[in-house]
Structure formats: C-alpha cells, structure tokens
Amino acid sequence: MTTVAIATPKSRLDTWLGHFTMYRLILWVLAVLAAYSLVLNTLGWLTFGLPDMLAHAALCLGLTYLANRLFALLFRVRPHSESSLITGLLLFFLFWPSELLPAVAWPDLAGVALACVLASASKYLLAFRGRHIFNPAAAGAFIVSLTGLNVATWWAATPAMLWAVLPGVALIMYRTRKVLMACTFLLVSGSIVFTELLRAGMPAGAALWQPFAQRPLLFFAGFMLTEPLTLPPRRWQQLALAAVVGVVFAVPYNLGFVANSPELALLLGNLLAFFAGQRGGIRLVFAGSRPLTPTTTELRFAALRPVRFTPGQYMELDLPHASSDGKGRRRIFSMSSAPGSAELTFGVGSAEPLSAAKRALLELAPGDPLRATAVGGDFVLPRDGGTPVLLIAAGIGITPFLSQLGSGAAKERDIVLLYLAAGADELAGTDVLAASGARVIARLADGSAPPDFMHDAGTVRIDGSSLRELVPDIARRTVYVSGSPARVESLRSAARHAGARRVRVDAFAGY
C-alpha cells in the first residue's frame with residue numbers, strides 16, 4: 001500500500017502560497033490595498049482627490065523604481081525591482097497624497113519625492129557588506145520628517161481600510177510564519193495604547209477599537225516590522241524585538257528634536273536586529289555539483305567569509321534570472337552541510353519541470369558568484385542534549401537533517417530518522433546517514449530494499465497507528481517533519497495521532 005496524502009484546506013492553502021515568494025506576495029497584497037483605497041476614494045469613504053491619489057501613486061512607484069535602478073548602476077549591482085516597488089507602495093500609504101488643486105502643495109510634494117529617493121539610497125548607503133541595516137521606507141520617512149518638508153501620517157490606518165488591511169496582514173503573517181511575532185507586537189503596543197486611552201477617559205470599547213482601526217499597528221506589524229532583511233535570525237530574538245519595538249512604538253516621548261513615531265521605533269528595532277544577526281551580505285562562489293539521486297542534486301559553494309548558522313537553518317539566495325515566473329529572485333534553501341565544513345552545500349530537486357530560478361541555479365558554472373541575503377530559521381534541535389527526537393523526512397525534506405546528523409548530533413542524543421522516499425535510488429545522503437549513528441527507518445513506496453544499515457518499514461501507509469508501531473516511544477520524543485507542504489501536513493497529523501506532544505515542521509515550497 002502506498003502513502004496517500006489527503007489534501008486539507010490548510011495544505012491546499014500552503015501549496016497555493018508556495019507559488020509566491022514572500023516578496024512577491026507582499027507586493028501583490030500592497031497592490032490590492034492600493035487599488036482598494038482608490039475604490040474607497042471614488043465612493044467617498046476617503047477624503048483625497050482621485051487625481052491627487054493617482055499622482056501620489058505614480059510619484060512613489062516611479063521615483064523608487066528609477067532611484068533604485070540608478071543606485072544599483074552606481075554601485076554596480078543588479079537592481080531588485082520587486083523590492084523597489086514594495087518600498088514605493090509603502091511610502092504611498094505612509095504619506096498623505098499631496099494636493100494638486102487649486103494649487104500644488106510643493107513642500108509636501110518635495111518631501112514625498114525626497115523620501116522616495118532617500119529610501120532607495122538607504123539600501124546602498126546605510127548598508128554593511130551589501131546588506132541594508134534599516135527598513136528603507138522607514139528610513140526615508142524619518143529623515144524627511146527631520147527636514148520639516150513633510151511627515152508620515154500612515155493614512156492606511158483608517159476604519160474603511162481595516163477590512164482589507166486585516167486579511168492582507170493575516171495572509172502575509174501566515175505565509176512568512178511571523179504570526180507569533182506580529183501578535184507579540186500587537187499585544188504589547190495595543191495594551192499600552194489601550195491603557196493610555198482609558199486613562200484619558202475613553203470608554204473601554206472605543207479604547208480597544210481605536211488602536212487597531214485608527215492607529216497603524218496592523219499595517220506596521222504586517223508590512224514593516226516583519227521585513228525579512230532586517231530581522232534577527234532566531235524566533236526568540238524576533239519575539240524579544242517585537243516586544244521592545246512595541247514599547248517604543250506606543251509609549252509617548254519627546255526628546256526635543258525627535259518624538260515617538262512608528263518610523264523611529266522601527267529604526268531602533270532594525271539596529272538591534274542588525275547586531276543580533278548575520279551582519280552583512282554573504283558572498284558565495286559556486287564550486288560544483290553532483291547528483292544525490294536521479295531527481296535531486298547537491299550544489300556546493302565556497303563562502304568568501306565564514307557563515308554562522310545552526311544545523312537545520314536555511315539560507316536565502318538571490319538568484320538573478322531573466323524571468324521571475326511570478327516568484328521574484330530570492331529563494332530559501334536549507335543547508336545540508338554541517339557548520340565548519342569546507343563548503344556550504346544545498347540539496348535541491350532537479351527533476352523537470354524546473355522553475356526559471358531553479359534552472360538558473362542548476363546552470364551555474366564553477367567560479368560563478370552568488371549572493372545570499374539572509375540566514376535564519378528555528379528548525380533546530382533542542383538545546384538539551386538529553387531530549388530524544390524523531391526526524392521525519394519526505395523526499396528532499398532530508399536536507400536539514402543531513403546538516404544536523406552530519407554535525408554529529410546523533411552521537412550526543414537519541415535520534416530516530418524516518419525517511420520516506422519513492423525508492424532506494426531516491427535516498428539522498430546515505431553516506432552521512434550511515435556514519436551518523438542514528439537509527440534510520442526507510443519507507444520506500446516502490447517496495448525496494450533500503451541499504452543494510454536502515455530498518456525496512458516496507459510500503460506501509462504512514463498514519464498514527466503505523467507510526468506508533470514503528471516508533472513506540474514517540475510520545476516522549478520531539479518530532480521534526482520536513483518536506484512539501486502537503487506531505488508535512490499529513491505527517492504532522494499522523495505524528496499527533498500517534499501520541500507526539502511536540503511537533504515542529506519545515507515545509508519546502510517547491511522552487
């Protein structure tokens with residue numbers, strides 16, 4: 001009997017969202033919000049003039065796009081068009097549209113234009129080793145406020161916009177797995193604002209409604225605070241950052257030349273995140289590749305500077321290619337090499353059909369340079385070496401486990417690995433698994449025999465009952481599941497039904 005993955009609404013949503021990178025999804029959500037705001041304005045729910053809004057949108061998008069390309073040319077790097085458009089749309093919502101009639105408000109218009117240019121420039125000038133430190137839109141808005149030309153109003157924080165902002169933010173937080181971080185910020189900042197409003201005499205219902213409907217908490221959390229390139233790498237660091245930024249965001253203060261503002265709160269948070277994470281861009285040189293299985297390939301890179309990571313974490317690669325096929329340039333891959341190895345390695349699926357980005361990656365020639373933009377993730381083993389674990393890998397989901405087992409994790413703790421593959425020829429990294437010391441169970445769909453060091457689970461369907469039979473002590477183990485979104489959802493459910501109390505997942509979007 002072969003394993004049948006039942007598609008749940010959650011797995012279908014995960015699969016659909018997997019067609020979009022984080023950047024492309026944010027771009028589309030912001031574009032929909034912008035279109036929604038134009039409809040609201042036409043219906044009279046917003047007070048701007050429609051020509052003012054259209055001119056404001058054209059100014060923000062056009063200037064950030066052109067300025068980004070100009071600075072990229074000056075610094076001799078490839079421009080990231082999606083990033084510039086996202087910045088332009090954020091500034092569209094941060095600044096009040098400048099009046100064009102009966103007379104042009106030139107100072108306001110100049111302030112918005114300057115913010116667009118400064119936001120683009122910050123990606124290159126306020127950067128360290130090719131990695132920008134501050135959120136570009138926040139940096140541009142804050143610097144402009146110091147000039148007195150204009151000030152950010154965050155006009156997206158209106159009750160009429162809430163009905164589109166709320167689902168948009170929820171979708172992005174779900175896709176980027178930053179729900180807990182966003183909720184931490186909202187709880188901290190919302191509680192402070194709520195308390196202040198109560199002290200000012202506002203009724204409890206209105207005091208609870210106002211922070212989310214008339215202040216930019218939701219927009220800030222969804223589109224600014226969780227911007228990937230300015231976050232620390234670990235979840236606990238992100239949660240601590242969200243709490244700190246929430247306090248700075250909500251507590252009133254005035255230092256004379258600056259007062260509290262969302263932009264300043266975010267910039268301070270960015271600075272803290274910079275010192276907590278991988279400081280600087282990561283430059284790689286392609287060293288070569290080798291087939292792992294008939295449908296997977298291992299890619300090897302030399303890093304020009306040491307890269308800090310914990311086994312199980314991912315790296316985001318910037319892959320310039322002619323056609324972004326709707327996903328942008330950046331892709332996330334788990335590292336399969338152990339920390340301290342001479343080369344960084346990634347295991348990727350290489351069977352047709354290939355995306356444009358995957359094809360560009362597989363067509364790299366030895367010596368070709370590549371840039372990585374982030375290292376992060378929390379798919380790491382428990383700190384307590386006495387905690388027994390069960391690793392469940394479906395296909396290419398074996399990648400993060402190769403890094404963990406290759407670093408000697410099984411020599412320090414009790415590890416069982418359940419490896420699901422189409423056949424014996426699709427088992428990747430068998431040399432690492434054999435040397436690891438872990439107990440390895442192979443479930444092969446075609447009924448072929450696995451290597452001698454693996455226990456053969458046959459072709460049994462992996463559900464709660466069979467999983468409990470294969471790993472009788474699963475209830476005391478922390479379970480890690482890695483693979484495609486649909487397989488991860490099915491296997492997580494099986495682990496829960498088998499009695500697992502702690503299950504952590506790592507889903508691959510299929511790049």
Side-chain angles (χ1 to χ4, degrees), residues 1-5 7 11 14-15 18-19 286-301 312 314-315 317 319 321 325 327 331-337 343-366 379 391-406 417-434 440-451 453-454 456-459 461-462 480-491 505-511:
M1 182 183 294
T2 58
T3 300
V4 178
S11 66
D14 289 337
T15 300
H19 291 85
F286 183 62
S289 64
R290 68 182 179 98
L292 288 175
T293 73
T295 61
T296 60
T297 300
E298 180 184 80
L299 304 171
R300 299 180 290 108
F301 293 88
Y314 63 77
M315 181 176 288
L317 302 179
L319 301 169
H321 53 285
D325 55 16
K327 293 186 177 183
R331 300 291 189 277
I332 288 175
F333 298 95
S334 290
M335 288 166 278
S336 59
S337 53
E343 295 176 323
L344 285 171
T345 61
F346 305 89
V348 301
S350 50
E352 295 286 352
L354 294 173
S355 67
K358 180 71 72 62
R359 193 173 299 281
L361 185 62
L362 293 172
E363 290 176 352
L364 289 173
F379 197 67
L391 313 178
I392 306 178
I396 195 60
I398 191 65
T399 304
F401 299 144
L402 292 178
S403 177
Q404 293 167 346
L405 295 173
L417 169 67
L418 173 59
Y419 194 171
L420 285 67
D425 61 341
E426 288 293 340
L427 294 170
T430 53
D431 53 340
V432 174
L433 302 181
V440 183
I441 305 170
R443 186 268 178 208
L444 305 178
D446 65 358
S448 55
F453 72 91
M454 296 184 181
D456 188 359
T459 59
R461 181 173 183 261
I462 301 300
Y480 291 74
V481 184
S482 178
S484 68
R487 298 297 298 276
V488 161
E489 182 62 22
S490 172
L491 292 168
V505 301
D506 192 34
F508 291 82
Y511 297 140

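The basis for the numbers below is simple: all heavy atoms, side chains too, and nothing from hydrogens, waters or symmetry mates.
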Original post:
Looking only at atom types and distance, does a side-chain atom of Lys358 sit under 3.5 Å from a main-chain N or O of Gly349, one as donor and one as acceptor?
Top reply: yes
**OP:** With sequence neighbours left out, write down each residue that passes side-chain contact (heavy atoms from CB on, under 4.5 Å) with Ala393, or none if nothing qualifies.
**Re:** Ile398, Phe401, Leu417, Tyr419
Original post:
With sequence neighbours excluded, what pairs up with Asp446 under the side-chain contact (heavy atoms from CB on, under 4.5 Å) test?
Top reply: Leu444, Ser448
For the atom pair [atom1] ([X]) and [atom2] ([Y]), what is the distance rounded to the nearest 0.5 Å?
X	Y	atom1	atom2	value
Ile441	Asp456	CD1	CG	10.5 Å
Arg443	Arg461	CZ	CZ	10.0 Å
Phe346	Ser403	CZ	OG	10.0 Å

Subject >> Residues in side-chain hydrogen bond (donor to acceptor under 3.5 Å, both in side chains) contact with Ser336, at least two apart in sequence or another chain >> reply: Thr345
**OP:** Please name the pair of heavy atoms, one in Thr297 and one in Ser289, separated by the smallest distance, quoted to 0.1 Å.
**Re:** CG2-CB, 3.9 Å
**OP:** Identify the two heavy atoms, one from Pro400 and one from Ser482, that lie closest to each other, and give their separation to 0.1 Å.
**Re:** CG-OG, 3.7 Å
Subject >> side-chain contact (heavy atoms from CB on, under 4.5 Å) partner of Val481, chosen from Val488, Leu418, Asp506 >> reply: Val488
**OP:** Identify the residue among Leu361, Leu344, Leu317 that makes a side-chain contact (heavy atoms from CB on, under 4.5 Å) with Leu299.
**Re:** Leu361
Subject >> Counterpart residues, salt bridge (charged side-chain N to carboxylate O under 4.0 Å, His left out), relative to Glu352 (two or more places apart) >> reply: Arg359
**OP:** State yes or no: are the ring centers of Tyr480 and Phe379 separated by less than 6.0 Å?
**Re:** yes
Sequence neighbours excluded and cut-off under 3.5 Å, please list the side-chain donor-acceptor pairs for residues 421-434, or say none.
unit_1: Glu426; atom_1: OE1; unit_2: Thr293; atom_2: OG1; d: 2.8
unit_1: Glu426; atom_1: OE1; unit_2: Thr295; atom_2: OG1; d: 2.7
unit_1: Glu426; atom_1: OE2; unit_2: Thr295; atom_2: OG1; d: 3.1

Original post:
Do the side-chain N and O atoms of Thr399 and Ser334 include a donor-acceptor pair separated by under 3.5 angstrom?
Top reply: no
**OP:** Please lay out, stage by stage, how Met335 and Leu402 fare under the test side-chain contact (heavy atoms from CB on, under 4.5 Å).
**Re:** CA-CA 8 Å; Met335 288 166 278; Leu402 292 178; over 6 Å; no
Subject >> Chi angles and distances behind the side-chain contact (heavy atoms from CB on, under 4.5 Å) call for Gln404, Leu391 >> reply: CA-CA 10 Å; Gln404 293 167 346; Leu391 313 178; 4.2 Å; yes
